[in-house]
Amino acid sequence: METVQYLDDTGRPLRELPFNPEELRQGYRALRRARHFDERALVLQRQGRLGVYPPFRGQEAAQVGVALCLQANRDWLLPSYRESAAALTFGMPIHKLILSWRADPAGWGAPPDVNMVQFYIPIATQIPQAAGVAHALHLQGQGAVAAVFIGDGGTSEGDFHEGLNFASVFNVPLLVTVQNNGWAISVPTHKQMRVQRIALKAQGYGIPGVVVDGNDLVAVWSVAREAVARARAGQGPTLIEALTYRVAPHTSSDDPSRYRTEEEAEQWKQRDPILRMKNCLLHLGLWSEEEEAELGEALEAEFQAELALADQAPEPNPWEIVEQVYHKMQPDQEAAWQYLRGEKA
Amino acid sequence: METVQYLDDTGRPLRELPFNPEELRQGYRALRRARHFDERALVLQRQGRLGVYPPFRGQEAAQVGVALCLQANRDWLLPSYRESAAALTFGMPIHKLILSWRADPAGWGAPPDVNMVQFYIPIATQIPQAAGVAHALHLQGQGAVAAVFIGDGGTSEGDFHEGLNFASVFNVPLLVTVQNNGWAISVPTHKQMRVQRIALKAQGYGIPGVVVDGNDLVAVWSVAREAVARARAGQGPTLIEALTYRVAPHTSSDDPSRYRTEEEAEQWKQRDPILRMKNCLLHLGLWSEEEEAELGEALEAEFQAELALADQAPEPNPWEIVEQVYHKMQPDQEAAWQYLRGEKA
Amino acid sequence: MIAERETRVLNNVQAINEALDLALAKDPRVLLFGEDVGTMGGVFRASDGLQQKYGEKRVFDTPLAESGIVGFGIGLAMAGFRPVAEIQFAGFLYPALDQILSHLGRMRHRTRGRFTIPMVIRAPYGGGVKTPEQHADSPEALLCHTPGVKVVIPSSPERAKGLLLAAIEDPDPVFFLEAIKLYRGVKGMVPEGYYTLPIGQARVVREGQAVSLFCYGGMVEVCQKAAEVAAREGVELEVVDLETLVPLDTPTILESVRKTGRAVVVYEAMRTGGFGAEVAARIAEEALDYLEAPILRVAGWDAPYPPFSAVENYYRPDAKRVLEAVRRVLAY
Amino acid sequence: MIAERETRVLNNVQAINEALDLALAKDPRVLLFGEDVGTMGGVFRASDGLQQKYGEKRVFDTPLAESGIVGFGIGLAMAGFRPVAEIQFAGFLYPALDQILSHLGRMRHRTRGRFTIPMVIRAPYGGGVKTPEQHADSPEALLCHTPGVKVVIPSSPERAKGLLLAAIEDPDPVFFLEAIKLYRGVKGMVPEGYYTLPIGQARVVREGQAVSLFCYGGMVEVCQKAAEVAAREGVELEVVDLETLVPLDTPTILESVRKTGRAVVVYEAMRTGGFGAEVAARIAEEALDYLEAPILRVAGWDAPYPPFSAVENYYRPDAKRVLEAVRRVLAY
Ligand SMILES: Cc1ncc(C[n+]2csc(CCOP(=O)(O)OP(=O)(O)O)c2C)c(N)n1
Ligand SMILES: Cc1ncc(C[n+]2csc(CCOP(=O)(O)OP(=O)(O)O)c2C)c(N)n1
Ligand SMILES: [Mg+2]
Ligand SMILES: [Mg+2]
């Protein structure tokens with residue numbers, strides 16, 4: 001299968017880009033914003049101010065390119081743990097994301113105007129659910145779409161298959177983006193599946209499957225834009241395989257040296273999606289180092305303001321454990337709640 | 001995808017047949033034997049001498065063609081409830097099959113020299129298990145293969161996907177035959193999946209997928225023979241889609257008039273696999289009506305002898321309920337056993 | 001109010017069909033789906049005629065994939081619908097247990113109420129009608145050990161109708177298990193029109209002073225039969241139909257035990273780890289002083305439900321076994 | 001015999017790793033597999049070094065699919081191998097529950113012994129170490145309600161090693177749940193070499209006259225801590241480590257209750273439908289006359305295990321909550 005690409009490995013455009021200058025600048029800013037978040041999050045994690053954190057470094061373009069095509073108050077996003085960049089770009093406030101990775105319940109519910117379901121931890125369960133959400137959107141007839149993400153490893157789960165089958169049978173407006181980052185923790189893609197291209201699996205469902213250079217924002221964005229347009233027009237789901245690489249460890253608890261070489265990661269760092277996009281803009285004369293510096297400062301200011309918001313959130317109370325289990329507390333939760341309030345002997 | 005076919009709809013060979021005359025006659029006898037069993041089983045069922053029975057009428061060639069390639073004491077068969085014809089041809093004694101569909105535990109264990117796992121009732125669970133069996137056979141290095149069956153409906157289950165993925169990743173000696181009989185109870189294939197050909201799904205696993213006329217014994221047999229040869233040679237699994245039709249109801253409790261037309265079934269009856277094979281033999285001068293009559297008598301005699309064997313089996317005892325739960329009865333089963341023996345107050 | 005309505009004699013399947021019909025008519029967000037639910041009206045005919053009446057968008061067949069069905073329903077529910085899914089037999093809930101355990105009951109909690117799952121999952125369960133392997137399973141204990149879901153098991157047509165309508169109105173996920181044995185085996189007067197019955201309340205279906213029998217679903221008729229036999233010998237058994245297993249109506253259970261001092265818990269699932277253990281544990285925790293005899297359980301044996309009809313009645317509790325337990329607690 | 005061996009101090013992961021190593025060395029039919037089990041040696045390092053030692057045929061990584069892993073293992077077992085599968089966290093057993101409930105424990109029964117599944121499924125379970133959502137689940141009750149499987153939960157390195165070797169030798173499927181909290185949190189003397197410990201026996205790990213605490217896995221250290229505190233106040237608690245949940249060693253449980261007259265059951269799974277209910281039910285069934293106080297349960301609340309570390313210690317039972325229950329039964 002052919003891999004859709006717009007930029008070469010250094011970022012030089014290979015052909016005419018299907019976005020206007022302002023769009024391209026907007027795309028780059030979104031990428032940088034994601035990278036900034038990831039870097040800061042890792043710092044917080046090391047300071048003990050975040051729980052286990054799954055970084056996405058290297059995968060920004062694959063996530064941002066899709067999220068840029070979505071409208072948070074209309075479309076839906078169902079991300080796995082890896083997709084903080086997609087969440088951020090989609091519209092999740094940074095302080096919510098921080099709280100979420102702090103495992104603070106205050107971070108779990110998206111704002112009312114952001115249709116994002118909390119990051120999925122069990123692998124692949126989001127796929128059938130996304131098919132259901134997309135079917136609902138279709139029935140509601142407003143042209144909204146759902147977008148769901150999964151990793152290369154996740155494609156092995158039965159739910160990936162069942163979800164894609166439902167999506168295709170009901171012809172729902174859904175984008176399924178597989179971030180093929182080469183690894184599922186320590187298991188390389190070739191031990192995960194025998195097929196070379198995950199997008200080939202789309203043929204088994206009778207839906208379009210596209211392979212895209214996942215480190216090329218322009219490519220991901222344009223492929224996603226087409227898929228979203230198709231979906232909005234009632235033409236059903238698309239499977240997008242974004243070829244990318246997890247430059248960072250699996251999570252903040254992982255040690256990648258146990259299973260892969262430094263060289264492999266180094267090679268991929270050369271194809272860094274942010275560098276490529278920046279070079280593209282520079283090449284087209286759409287960006288300057290001044291703007292770069294300004295952007296860095298703006299992002300840091302934004303992050304710090306959001307961090308302050310997150311830090312203001314009160315510590316979760318023990319009795320919150322049994323809240324929001326049912327719409328109305330049932331007797332067993334009520335008893336536990338009373339106990340946890342310290343009102344029980 | 002092209003459909004492998006050797007006989008036209010009337011049974012006339014379309015090209016040279018890859019089997020010698022004795023083989024062709026053997027194949028026909030196996031088909032007739034299967035049909036005979038199915039007919040007698042339905043009679044028994046109507047007489048109340050069998051439990052719920054899932055007939056396979058119309059699907060004989062799809063099952064027999066595969067089973068003819070297997071050796072019962074070397075290879076393995078993991079059938080779903082629909083595959084009595086495969087079981088029979090593989091080597092399961094008829095009285096065992098009768099007992100099995102009588103839901104008598106005496107029918108559940110295959111003889112020691114028949115590697116058949118009891119018919120699977122939950123859909124698709126047999127696929128990952130078959131991959132495991134096949135991997136074991138591969139590790140044991142005797143060139144044995146496993147064969148597993150599933151229906152068109154069954155391909156929607158997650159286990160179908162997980163099993164095929166394991167089979168392909170570990171490159172195990174496995175035949176996966178999908179009997180696409182057009183229906184999963186009342187659900188037609190086009191509501192089950194969007195893709196036209198199930199064999200296309202093989203591409204998602206990087207393994208060969210073949211479409212075959214499932215009512216053409218020669219075609220199924222030759223495709224299966226090739227797949228078995230590949231598997232024995234360490235070349236991994238094959239997905240075979242046999243296009244066929246369930247002429248009978250889903251089970252003895254089903255009323256197909258609720259969901260499909262008589263005409264549809266009638267059309268398929270014209271393509272009856274037994275008639276086609278008989279015509280093929282007649283055409284090639286390999287069969288006569290005398291032989292047909294003799295065969296009929298022999299099959300009836302065999303069936304009656306086996307039925308007598310089955311009828312001799314003692315009624316199951318209540319305490320068998322808790323036997324064979326563990327290798328050695330554990331205290332809770334022991335207590336139940338004592339109770340069921342009537343030895344407890 | 002219900003008392004004033006016209007009633008007709010219906011069996012359980014008819015009552016359930018009527019409830020589904022009324023729910024579809026009342027609330028456009030209600031969607032019905034599952035394997036063979038549409039064209040065929042379900043293998044037990046629970047949705048008979050409903051696709052014809054409400055169209056393929058509201059009542060539809062799905063691919064054969066239980067995890068897909070539940071996951072799809074979760075998505076529909078999050079996005080504003082009121083899905084009512086049928087799983088063909090409760091023993092085929094197993095492929096969906098990941099969706100159920102990981103998300104169905106947790107979504108409200110893990111999104112702090114931002115997304116909720118007002119979904120009903122119906123499934124026939126239990127034995128007594130000579131079904132094949134796995135078709136007689138009673139997996140209610142697994143569902144009851146799942147945070148955030150409710151579990152309802154009706155035992156009569158009137159209750160089935162009202163409870164199913166309540167389940168569909170409920171803002172949380174509800175499992176609605178229907179005893180196969182009762183589908184056509186039990187008939188009763190059913191009020192016409194739309195009505196709901198409260199989820200979370202146990203019912204004393206027969207009053208008595210001697211022993212409390214706690215049961216649900218298909219075991220209610222077994223216990224009532226046992227109570228009739230005992231009554232002929234002058235022993236008055238109290239039969240409590242739990243009806244909702246989660247949230248469990250502990251006060252009604254305790255009240256009954258406080259009155260009779262003797263408890264027998266009856267269920268057809270395998271004994272170890274069955275929901276009856278929870279009932280017994282709650283009694284042992286909160287009504288010990290009232291107990292005049294051990295709490296006995298009459299249940300399926302610790303073995304698979306036997307698919308061979310010849311002996312299924314030795315697996316599934318019957319009035320005889322219930323009465324043996326009654327005698328033991330009375331003789332204690 | 002074990003007593004005579006050399007011992008070394010190991011933690012639980014090391015003891016488990018040693019058991020796996022010995023099993024691979026002893027029996028060529030033993031195969032080890034699961035997600036990240038091979039190259040990486042498991043996310044908790046339980047199989048560290050074993051692929052290097054025994055090669056990729058015996059110790060291997062699988063695709064990310066739990067139903068596939070269990071189904072594949074069932075097939076390997078039926079065809080003559082002794083599979084030892086790792087499920088990365090017990091909360092990820094859920095996608096495999098169909099294979100588990102439908103076949104793992106039923107294959108012997110449904111083939112009348114023609115095919116058997118001598119398979120071990122290991123999984124880390126439980127909380128206490130600030131894991132993400134679903135990584136602290138304790139689903140043992142679901143497994144215990146499955147016919148035909150055994151469920152073992154060790155609480156110390158010595159026991160873990162001997163029980164794991166026994167599980168691998170066992171001709172039936174065995175779940176082997178390993179408390180994450182104890183992986184590195186507990187060290188102990190472990191005998192060298194190959195030895196097995198009996199499955200199906202509970203152990204009195206601390207004798208006492210006042211109250212019996214029934215517990216397993218990660219709750220054993222909690223109960224021992226409670227017992228230490230109580231001892232300082234002159235109250236001697238008996239701590240019974242159930243160790244094997246199925247088949248349950250009921251006699252040892254009853255003996256302890258007959259001695260103390262008071263029982264508290266401690267588990268970290270959600271309370272309703274947890275395995276502790278089964279323990280309580282058995283006591284209420286067979287030792288009622290000895291009870292001087294209600295049987296109390298100290299368990300997780302009926303809610304998902306909280307992934308926010310700040311409050312997990314309010315969910316997971318600790319010595320304080322155990323002692324509250326002890327005081328209640330003593331004051332009764
Ligand atoms: C059902 C389930 N099984 C196992 C895990 C543990 N686990 C978390 S991430 C992961 C690897 C996922 O790999 P992939 O899908 O490629 O996504 P990536 O982490 O590379 O983004 C595993 C095995 C899980 N979260 N859920
Ligand atoms: C997991 C599971 N879900 C549902 C069923 C009920 N059921 C039995 S057969 C069947 C249809 C199967 O259709 P297909 O796979 O096409 O096989 P066929 O019956 O046509 O041979 C269904 C839904 C089941 N046995 N197992
Ligand atoms: Mg990956
Ligand atoms: Mg079919």
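So you know, we letter chains A, B, ... as the sequences are listed, proteins then strands, and number each from 1. Because only heavy atoms are used, hydrogens play no part in the values below, and waters and symmetry mates are left out as well, while side chains stay in.
- Rounding to the nearest 0.5 Å places OH of D:Y94 at 10.0 Å from CG of C:L97.
- Looking only at heavy-atom pairs under 4.5 Å with chain C, the residue among D:P294, D:G105, D:P304, D:G91 that has the most is D:P304.
- Salt bridge annotation for C:R297-D:E278: present, with a cationic side-chain nitrogen under 4.0 angstrom from a carboxylate oxygen.
- Checked against salt bridge (charged side-chain N to carboxylate O under 4.0 Å, His left out), C:E86 has the following partners two or more places apart in sequence or in another chain: C:R122.
- Across all non-hydrogen atoms, the minimal contact from D:A281 to C:A280 is CB-CB, 3.8 Å.
- Among D:G276, D:G274, D:P139, the residue making the largest number of heavy-atom pairs under 4.5 Å with chain C is D:G274.
- A distance of 5.5 Å separates NE2 in D:H145 from CG in C:L142, rounded to the nearest 0.5 Å.
- Atom NZ of D:K259 is surrounded by more than 12 heavy atoms from other residues, nucleotides or ligands within 6.0 Å.
- Neither the backbone nor the side chain of D:Q99 comes within contact range of chain C; no heavy atoms are under 4.5 Å apart.
- Along residues 108-117 of chain C, the residues that come nearer than 4.5 angstrom to chain D, judged on non-hydrogen atoms, are C:H109, C:R110 in order of number.
- When the ring pair (Phe, Tyr, Trp, His ring centres under 6.0 Å) test is applied to D:F175, no partner is found at least two apart in sequence or on another chain.
- Most heavy-atom pairs under 4.5 Å with chain D: of the set C:P307, C:A141, C:G273, this distinction falls to C:G273.
- Interatomic distance, CD1 of D:I295 versus CD of C:E286, reported as 12.5 Å (0.5 Å rounding).
- The candidate with the highest count of non-hydrogen atom pairs below 4.5 Å against chain C, out of D:I283, D:L291, D:D289, is D:D289.
- The greatest number of non-hydrogen atom pairs below 4.5 Å with chain D, out of C:L93, C:L248, C:D302, C:L296, is found for C:L296.
- Interface remark: C:T146 contributes backbone atoms only to the contact with chain D (heavy atom separation under 4.5 Å).
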Test log, rule salt bridge (Lys or Arg N to Asp or Glu O under 4.0 Å), inputs D:D137 and C:R106: CA-CA 13 Å; D:D137 280 18; C:R106 298 192 203 201; 2.5 Å; yes
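- Interatomic distance, D:D98 CG to C:E66 CD, rounded to the nearest 0.5 Å: 7.5 Å.
- For C:A293, the part sitting under 4.5 Å from any heavy atom of chain D is the backbone (N, CA, C, O) and nothing else.
- Within 6.0 Å of CD on D:E255 lie no more than 12 heavy atoms contributed by other residues, nucleotides or ligands.
- Of the atoms belonging to C:F92, not a single heavy atom falls under 4.5 Å from chain D.
- In terms of heavy-atom pairs under 4.5 angstrom with chain C, the leader among D:A303, D:P95, D:C144, D:G148 is D:P95.
- Heavy-atom neighbours of chain D within the stretch residues 264-271 of chain C, taken at a separation under 4.5 angstrom, comprise C:A269, C:M270, C:R271.
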